[in-house]
Amino acid sequence: NTIQNWTSAGLFVNAENDGCSISEPTVSSNTFIDGSNSTMAVQLYDNGWWSPSGNVITGQGIGIGVSGYISESRTWSNINNLPYILYNDVYVQDPAILTVSAGVVVLAKYTNGYHSGLEIRGTIHADGVVFTGDGDPSHDIGGSIDNTGEWDGIRFGDGGGGWIKNSTIRYADYGIYCYADNTEQITPALTGNTIDQCTYGIYLSANGNDLVNKATVSPLISGNTIQNWTSAGLFVNAENDGCSIAFPQVHNNRFEDGSTSTMAISFNDDGWCQPWGNIFVGDSLGIGVSGYLSEDRSWNHIGGLPYLLNR
C-alpha cells in the first residue's frame with residue numbers, strides 16, 4: 001500500500017493493556033509518505049504493536065509514535081532510522097521489559113504546555129540511546145526547545161528497575177527521577193551516561209510508611225557525565241520519618257558547570273550518599289544541604305567543595 005498525506009497517523013495500532021487484547025499487524029512492503037500535519041507514520045498505543053519489514057517511510061520529521069501503558073515486553077529497535085516519539089506519557093508496567101536498542105533516538109513531545117515522559121514501573125534495558133525533547137536541534141522534528149525542562153524525563157517508580165548505560169539524556173525537567181513510596185525498593189543501574197541541559201540531572205526521593213520495610217532509593221550512579229543543570233546535578237531526598245532511605249552509590253562521575261546553580265549534589269532531610277572518585281568542574285560548585293536531619297551524618301571532604309546551607 002501507499003499511505004500518504006495523513007493528518008493524525010498513517011497507521012494507528014491500539015490494544016488495551018488488560019491481557020485480553022491483541023493488535024499486532026504484519027506490516028510489509030508499504031510506502032508511508034508525508035503526513036501533512038503529523039509526524040506519526042505509525043502510532044502505537046498501550047499494547048498495540050506491529051511486525052514491520054521492507055517498508056519505505058519518507059517525509060520531514062516522521063517517526064514512530066508511542067504512548068499509554070505497556071504491560072507486555074517490547075523492543076524499540078532501529079527501524080529505518082526513525083525516532084520513537086513519546087506523544088503522551090509512556091508507562092512500562094510490571095513485569096514488562098522495555099528494551100531500547102543501541103542507536104535509537106527517543107523524542108518526547110511538548111505540546112500546548114504538556115510535558116510527556118517515560119515511566120518505568122517494570123524494567124528498562126537501554127544501551128547507547130538518545131533520549132531528548134522533540135525540538136532538540138540535533139534531532140529536530142518540528143518542536144521547539146528554548147531551555148531545560150521541555151519534557152518530564154525518565155522516571156523509576158512502583159518498584160521499577162533495570163539499567164540505562166552509555167546513553168544521552170537532554171532537555172528534561174528530571175533527567176532521571178527515582179522515587180519510592182511506602183515500602184518500594186528502587187535500585188536501577190545508571191552508568192556511562194551523559195545527562196545534559198536538565199533542571200535536575202538525577203533526582204532521588206524516598207517517602208516510606210513502615211519502620212521495618214523502608215522505602216529505599218539506592219541506584220548505582222557510576223561513570224556518568226552530568227552537566228549544565230539548572231537546579232542540581234544530583235538531588236537526594238529522604239523524609240526524616242525513619243521509614244525512608246535514599247542512599248545511592250555515586251562513583252567516578254563528572255559533574256560540570258551547573259548553568260544557574262552551584263549545587264553539584266544537594267541533600268534534603270535524611271537523603272545522603274558517600275561519593276568517591278568523582279570529578280567536579282566549574283566555578284563556585286558546592287554540596288547543598290537542607291531540611292531536618294534525624295540520623296547521624298559526617299560532612300566529609302568531597303572534591304574540595306564547600307557545604308552550602310539551602311533554605
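Here the structure is a predicted model, which is why all the values come from computation and not from measurement. Atoms considered below: every heavy atom in the structure, side chains included; atoms not considered: hydrogens, waters and symmetry mates.
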Would you say that more than 12 heavy atoms from the other residues, nucleotides or ligands in this model lie under 6.0 Å from the CD of Gln274, or not?
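Counting other residues, nucleotides and ligands, CD of Gln274 stays at 12 neighbours or fewer.
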Side-chain donor or acceptor of [X] paired with backbone N/O of [Y] under 3.5 Å:
X      : Y      : result
Asn253 : Asn224 : yes
Asn1   : Ile3   : no
Asp152 : Ala172 : no
Thr216 : Lys214 : yes
Arg170 : Val130 : no
Asn30  : Thr2   : no
Asp196 : Ile169 : no
Ser167 : Gly128 : yes
Asn252 : Ser222 : no
Asn55  : Val27  : yes

Check the pair Asp270 / Arg297 against side-chain contact (heavy atoms from CB on, under 4.5 Å), numbers first and verdict last.
CA-CA 9 Å; Asp270 283 336; Arg297 293 286 182 249; 4.1 Å; yes
Chi angles and distances behind the side-chain contact (heavy atoms from CB on, under 4.5 Å) call for Asn310, Met263:
CA-CA 10 Å; Asn310 296 328; Met263 308 302 173; 2.7 Å; yes
Given Ile302 and Phe280, is the side-chain contact (heavy atoms from CB on, under 4.5 Å) satisfied, shown in steps?
CA-CA 9 Å; Ile302 299 175; Phe280 300 91; 4.0 Å; yes
Would you check if [X] and [Y] make a side-chain contact, meaning some heavy-atom pair closer than 4.5 Å?
X      : Y      : answer
Pro25  : Ser51  : no
Ile85  : Met40  : yes
Trp163 : Thr191 : no
Ile70  : Val90  : yes
Pro219 : Pro248 : yes
Thr187 : Ser218 : yes
Arg254 : Val281 : yes
Gln43  : Tyr87  : yes

Indicate whether any N or O donor in one side chain lies under 3.5 Å from an N or O acceptor in the other, for [X] and [Y].
X      : Y      : answer
Asn237 : Ser205 : yes
Asp173 : Thr199 : yes
Asp127 : Asn166 : yes

Please tell me whether [X] and [Y] are part of a single hydrophobic cluster in this structure, the criterion being side-chain heavy atoms less than 4.5 Å apart.
X      : Y      : result
Leu305 : Leu309 : yes
Ile120 : Tyr69  : no
Val250 : Leu220 : no
Val217 : Tyr179 : no
Phe32  : Ile64  : yes

For [X] and [Y], which heavy atoms make the closest approach, and how far apart are they?
X      : Y      : result
Ser77  : Ser101 : CA-OG, 3.6 Å
Val13  : Trp49  : CG1-O, 3.4 Å
Ser244 : Ala238 : O-CB, 4.0 Å
Ser67  : Tyr45  : OG-CD1, 3.0 Å
Ile221 : Leu234 : CD1-CD1, 4.0 Å
Ile195 : Cys198 : CG2-SG, 4.0 Å

What pairs of donor and acceptor atoms, side-chain ones from residues 92-99 against any protein atom, are under 3.5 angstrom apart with sequence neighbours left out?
{"residue": "Gln93", "atom": "OE1", "partner": "Arg121", "partner atom": "NH1", "Å": "3.4"}

Please identify each residue that fulfils side chain to side chain donor-acceptor pair (under 3.5 Å) with Asp269, with sequence neighbours left out.
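For Asp269 there are no side chain to side chain donor-acceptor pair (under 3.5 Å) partners, ignoring immediate neighbours.
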Given the rule in the side-chain contact (heavy atoms from CB on, under 4.5 Å) test, do Tyr84 and Ile79 qualify, once you have shown the distances and angles that lead to the verdict?
CA-CA 9 Å; Tyr84 286 78; Ile79 299 173; 3.7 Å; yes
Check for me whether the distance between the ring centres of Trp151 and His115 falls short of 6.0 Å.
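So the answer is no for these two rings.
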Identify the residue among Val42, Val106, Leu118, Leu86 that makes a side chain to side chain contact (heavy atoms under 4.5 Å, CB included) with Val66.
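For Val66, the side chain to side chain contact (heavy atoms under 4.5 Å, CB included) test succeeds with only one of Val42, Val106, Leu118, Leu86, which is Leu86.
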Parallel, tilted or perpendicular: which fits the ring planes of Tyr200 and Phe235, with parallel below 30° and perpendicular above 60°?
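The arrangement is perpendicular - the two ring planes meet at more than 60°.
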Does the side chain to side chain donor-acceptor pair (under 3.5 Å) test come out yes or no for Asp210 and Thr183, once each step is laid out?
CA-CA 7 Å; Asp210 190 313; Thr183 61; over 6 Å; no
